[in-house]
Amino acid sequence: MDRAVVQITLFGLLLALATTLPNKDDWDIYSFHINSTVTSRYATTVITSRVANRMDDSKEIEFQVRIPKNAFISKFRMFIDGQVYDGVVKGKEKAQQQYTEAVSRGESAGLVSSVGRTLEEFKTSVTVAAHQKVTFELTYEELLKRRLGKYELQIHARPMQPVKDFKVDVYINEKAGINFIEVKGGLSTKALANAITKTHMDKQAWVYFYPTEDQQKTCDSCGEQGMNGDLVIVYDVNRNPSLGDIKKSDRYFVHHFAPSNLASIPKNVVFVIDQSGSMHGRKMEQTRIALIHILSDLAEDDHFGLITFDSSIFHWKRELVQANMENLESAKKFAREIAERGATDINKAVLEGARMLNAHPREGSASMLILLTDGDPTSGVTNLEVIQSNVRGAIADKFPLYCLGFGFDVNFEFLEKMSLQNNGVARRIYEDSDADLQLKGFYEEVATPLLTDVTMIYNGGANLTQTSFSQYYNGSEIVVAGQITDNDIETFTPQVVAISSNRRVTFSDTNATVESNGTVSDSHIQRVWAYLTVKQLLEKELVLSGSEKENAKKEAFELSLKYSFVTPLTSMVVTKPQGENTDVLHKPKEGEATQQRTHTAMGRQPMLHQNTPRITSRITSRGSIDLTPAYFGIPGHPGIPARSVPENVGIPGHSGGGARLSRPVSNTPRRVPGRGRGVMQGYPSTHLDSVEDADGLVFHDLPDFENSAVPVSHRFLLKTENLSLPLCFDVTGDVRLKLLHHPNRELSVNGELDSVANGGFRRIVIHFKNDLHVKIDPKRITVREGQTRTSYIGQDPITAGSLTVIRRDKEIDVAAGDTRIIIVIHEQNGEEFFWPVLRQRPLDDNISGILALKPAVYEEVQQSPTTRLKIKDQEIDVTRDSAVDYSIVSLLTHDCWLMSAESALERQLDDFIVTQL
């Protein structure tokens, strides 16, 4: 195919009570967000669900998430009543010990399997006190794999009830440029058309899905329990025709290689089809249909063979023949007459297929062997290791073996190992109505070889991922990552050597898309390298034996711990209070049916205090998780200053979002009637939309509704990473703030706070390059480019150079290069005010301003008679206060330690104040 497209598989969120469907009178999912940021084919996705218990009694709420099987969970958090329950990745053995101890005490334990074709399931439940809230937040990461020339982002949404604040927010940033983007799926229907916003601006794209509560009930796949369907995003990137895209930092690189302007290579293919008795019925019928379609797609210069087997082998022809019209019609007739019978001799069949390919050498062609079976070997050689050894000897690295396992009776691990040993892959074919399309789809992935014997060479590179590939197919992509030797980018030289048809070709285009340090985050590329390395080490561990196997396992385990990846070798554990049940679940092997087992202690369970959270957990995503509250701080989200609201707004507890507004209890000249609370937070994290996973500063504003002459007092909150409360401090008077300054991009963002009557920001000004200035206020967006000045009041996207501004009902989206700010719009008493949120942090870290602040670090050294914190070497007296959070639609209350600005910031406040916007 001429176009390259990228696939992500993201999955949405399912929340339900443990034993009954949710009753809206019992509990309420008042906010449900999926935020995914895709940067250079690496997707980081955060699923955040906020739930309130509206009852007068404690209530158990279950959180259930389905994520891609290829993804690694890297973070899980819950926020309940001011406490953070934070996951820590540990070795499998330590988690297993906790699991065993829980079972021995008669507490709950269980096993949950993978779900469907591409997903696996994560579960956890928690008891929430009466009139309290809980926030669940799950983060997972995935390197996008290109298949059939496209990457798809599949979001399945089934929250089990209509949600007031429901958002799917996808941001794609591809430096090579985005060729096209489409939105498909069961939720992309006429009834929901106005809930989907798609914006494509050269190298960036945004897709938003914001259905109303009514729309969540009335669409084709909706009902009284809300939506149940998919949103699928497909996009393509521009590609360098030669060397591809290379991204480099000081220490790491990642290379995406996918040339498409090459002549296809004629292929030699042998199909080995299981016709044993277990293939009877629909399996055999679908196999016949798929095989006839595949034969129709063979090119005239292809050569092919066809074998069926049970306990014996049946040839269509004993040698490969050309795919001309006469031979294809004869082969289709043979395929229509395949009948199931007998046992399963896999060894004899695969060896015969290898013999046929070895007997048909053809210069300038690419050979492959495709096996389809639905069971274990039951005839002839049945020892799996002997079969694998025989096949490896017969193929001898001359061509790949692809194994398709039909259904769940097949020993998929055996097929996977045999494929990996012979430069191929294994794929499960699911027994659904579209099984014939699954078979045909797999063949299409390997139908057009473009290169063979591909070798990736990196002078100046070290600790490389896989660099040798037997074949490269049109519509796929080769990805290699590694470290830069001695951190010296100047000595780093990539090159690709391969065979195209019957000639040797070299790719070394110096004009390839290359991003060097200063534009690409080292940590981002490092995580791509770690992800790819762990994936390949796990595959090696399956194939190798002896000390090599142990070394691969050890290296994969150490990297999983270092980068907090939940893999088959690790589990995620969170410490629980004494007396709480432990529920640790382990990921089953591919293909095992869903099952659970529960061990319950005899006698009565200990009674829980109303405010004591009880947590159980289930995870099937590459490992297990045991949940327990650790007393960590509130990692924040890109939030911002806020407008006053009544003090009783929101339910106390840490659950969401960025900004909040609050009047300090201390340091106030006099009582101001109608006082309110609010906050502004800064965030260095990307892709997030919740208070719990960002850091930086939070702003509070205290307006005076009596128009008093007393100056308005503003409060800031400085986020922490692993501490129970953030820090806060007050600033009095009219203030203009430096929100973000990014000198490498010539980008400055400043904000002007409202004075007495209104909280939050009344205007925000963006300066980009030398001659582009954008002023945003509640009534209009004004763009001054050179001597041209234009005002906008509608919702059409605004493009000025590489700056884009998109206004929607409740937010304004600003993107400049690799920086993205969301300006949340709030309204009170008929007047609008703003909260900026740093959604996409610049990939290099040369930035300053409120939104760029790092998390605070402190130690509690005294609690009585006053609380005292130690920041670095200085001890500071603090008092406790609270604030309402405005970075999301729903209002939340948070606590903080109040201190002077200088103490909290460890610098002068003047560093963040500008004299003019």
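Counting begins at 1 with the first residue of the sequence.
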S.K.: Decide if the gap between the ring center of Phe304 and the ring center of Trp316 is smaller than 6.0 angstrom.
M.R.: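 Here the rings of Trp316 and Phe304 have centres that are less than 6.0 Å from each other.
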S.K.: Would you say NZ of Lys317 has more than 12 non-hydrogen atoms from neighbouring residues, nucleotides or ligands within 6.0 angstrom?
M.R.: yes
S.K.: Could you measure the distance from the CD atom of Gln388 to the CG atom of Leu415? Nearest 0.5 Å is fine.
M.R.: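 The CG atom of Leu415 is 9.0 Å from CD of Gln388, to the nearest 0.5 Å.
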S.K.: Heavy-atom count around Lys549 NZ within 6.0 Å, excluding the residue itself: above 12?
M.R.: yes
S.K.: Is the Lys NZ or Arg CZ of Arg527 less than 6.0 Å from the centre of Tyr563's six-membered ring, within 45° of the axis?
M.R.: no
S.K.: Okay, side chain of Arg427, backbone of Leu439: is any donor-acceptor separation there less than 3.5 Å?
M.R.: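 A pair under 3.5 Å: no.
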S.K.: May I ask you to check whether over 12 heavy atoms, not counting those of Lys398, lie within 6.0 Å of atom NZ?
M.R.: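 More than 12 heavy atoms, drawn from other residues, nucleotides or ligands, come within 6.0 Å of this atom.
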S.K.: Check whether the side chains of Asp274 and Thr373 place a donor and an acceptor atom closer than 3.5 Å, and report yes or no.
M.R.: yes
S.K.: Got a donor-acceptor contact below 3.5 angstrom from the Gln471 side chain to the Val454 backbone?
M.R.: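 Not confirmed, Gln471 side chain does not pair with Val454 backbone.
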S.K.: Between Asn358 and Ala394, is there a donor-acceptor pair closer than 3.5 Å when you use the side chain of the first and the backbone of the second?
M.R.: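 Yes; judged by distance alone, with no hydrogens or angles, the pair exists.
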S.K.: For Arg318, I'd like to know if atom CZ has over 12 heavy atoms of other residues, nucleotides or ligands within 6.0 Å.
M.R.: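 For Arg318, atom CZ is not crowded (no more than 12 foreign heavy atoms under 6.0 Å).
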S.K.: Between Asp302 (side chain) and Lys267 (backbone), is there a donor-acceptor pair under 3.5 Å?
M.R.: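 Flag set: sc Asp302 to bb Lys267 pair under 3.5 Å.
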S.K.: Would you check if the side chain of Asn422 reaches a backbone N or O of Gly424 as a donor-acceptor pair within less than 3.5 Å?
M.R.: no
S.K.: When rounded to the nearest 0.5 angstrom, what is the spacing between NZ in Lys417 and CG in Leu544?
M.R.: 9.0 Å
